[in-house]
Amino acid sequence: IAGITQAPTSQILAAGRRMTLRCTQDMRHNAMYWYRQDLGLGLRLIHYSNTAGTTGKGEVPDGYSVSRANTDDFPLTLASAVPSQTSVYFCASSAELATDTQYFGPGTRLTVL
Amino acid sequence: AQSVTQLGSHVSVSEGALVLLRCNYSSSVPPYLFWYVQYPNQGLQLLLKYTSAATLVKGINGFEAEFKKSETSFHLTKPSAHMSDAAEYFCAVSVTGGTSYGKLTFGQGTILTVHP
């Protein structure tokens, strides 16, 4: 069982370009999440989805969009990347919201120049 | 809204010494509390979680944490540090009510260094 996979592992991107970070889970979890990790700030929630077909905004949603067309996939899109979006991005999933353990992917390191 | 404060961004201990990583939370409704560990260049892994059952929670690798409502704390401890414990540790809170339902809020992290 792979758990959660993320792609790409790392990416250098020019400002203004569009970028989609991919996330796939094989645990049939209902809930999925996107976080960004920045030094000294811990992890901050960008967007979440509590089930296929629904999404919600987290703490820092501006500049990002998500979709949840099916249970397994939860892509994160940066429509027009800016340098402040340089970060490490983690996708996670859990069986249900709130009470269940969140399982994390290995992360995508994104640099916007 | 809930919040988490981890006291000390860096903690250094000797191998075999007690590990104590501090976490205080703020929540207007009963919280669920988690400790996660992150090894270099990896994602986060769950160490333990409190979900309103026993206040003393035992996790993996010999770690445990005690939920103290009166102190709004959920400190992580391990009696004897091992070199392999060197990592970054995150405390997190989730709630089952209100506008923040289901959202996990993380502390800023504590980097644990273990010296031989």
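These numbers were taken from a predicted model, which means no experiment stands behind them.
- Residues A:Gln25 and A:Thr71 meet the side-chain proximity criterion, which asks for heavy atoms closer than 4.5 Å.
- Between the OG atom of A:Ser49 and the CE atom of A:Met32 there is a distance of 8.0 Å, given to the nearest 0.5 Å.
- Using a 4.5 Å cut-off between heavy atoms, B:Glu88 contacts chain A through its side chain alone, with no backbone atom that close.
- In summary, A:Arg68 and A:Asp73 do not engage in a salt bridge, as defined by a charged side-chain N under 4.0 Å from a carboxylate O.
- Between the side chains of A:Thr77 and A:Thr20, at least one donor-acceptor pair of N or O atoms lies under 3.5 Å.
- If you measure heavy-atom distances from A:Leu43 to chain B, the contacts under 4.5 Å come from both the backbone and the side chain.
- At a 4.5 Å heavy-atom cutoff, the contact between A:Gln37 and chain B is made by side-chain atoms alone.
- With a threshold of 4.5 angstrom between heavy atoms, A:Arg44 does not approach chain B through any atom at all.
- For B:Gln6, no part lies near chain A; criterion is any non-hydrogen pair under 4.5 Å.
- With rounding to the nearest 0.5 Å, the separation of CG in A:Leu78 from CG in A:Leu110 is 6.5 Å.
- Heavy atoms of A:Tyr35 lying under 4.5 Å from chain B belong exclusively to its side chain.
- Atom CD1 of B:Ile60 is surrounded by more than 12 heavy atoms from other residues, nucleotides or ligands within 6.0 Å.
- Counting non-hydrogen atoms of other residues, nucleotides and ligands closer than 6.0 Å to CG of B:Leu56 gives a total above 12.
- Using modelled atom types, one finds a donor on one side chain and an acceptor on the other under 3.5 Å when comparing A:Ser87 with A:Asp38.
- By a heavy-atom distance cut of under 4.5 Å, B:Phe106, B:Gly107, B:Gln108 are the residues of residues 105-116 of chain B near chain A, going up by number.
- A distance of 6.5 Å separates CG of B:Asn24 from OG1 of B:Thr5, quoted to the nearest 0.5 Å.
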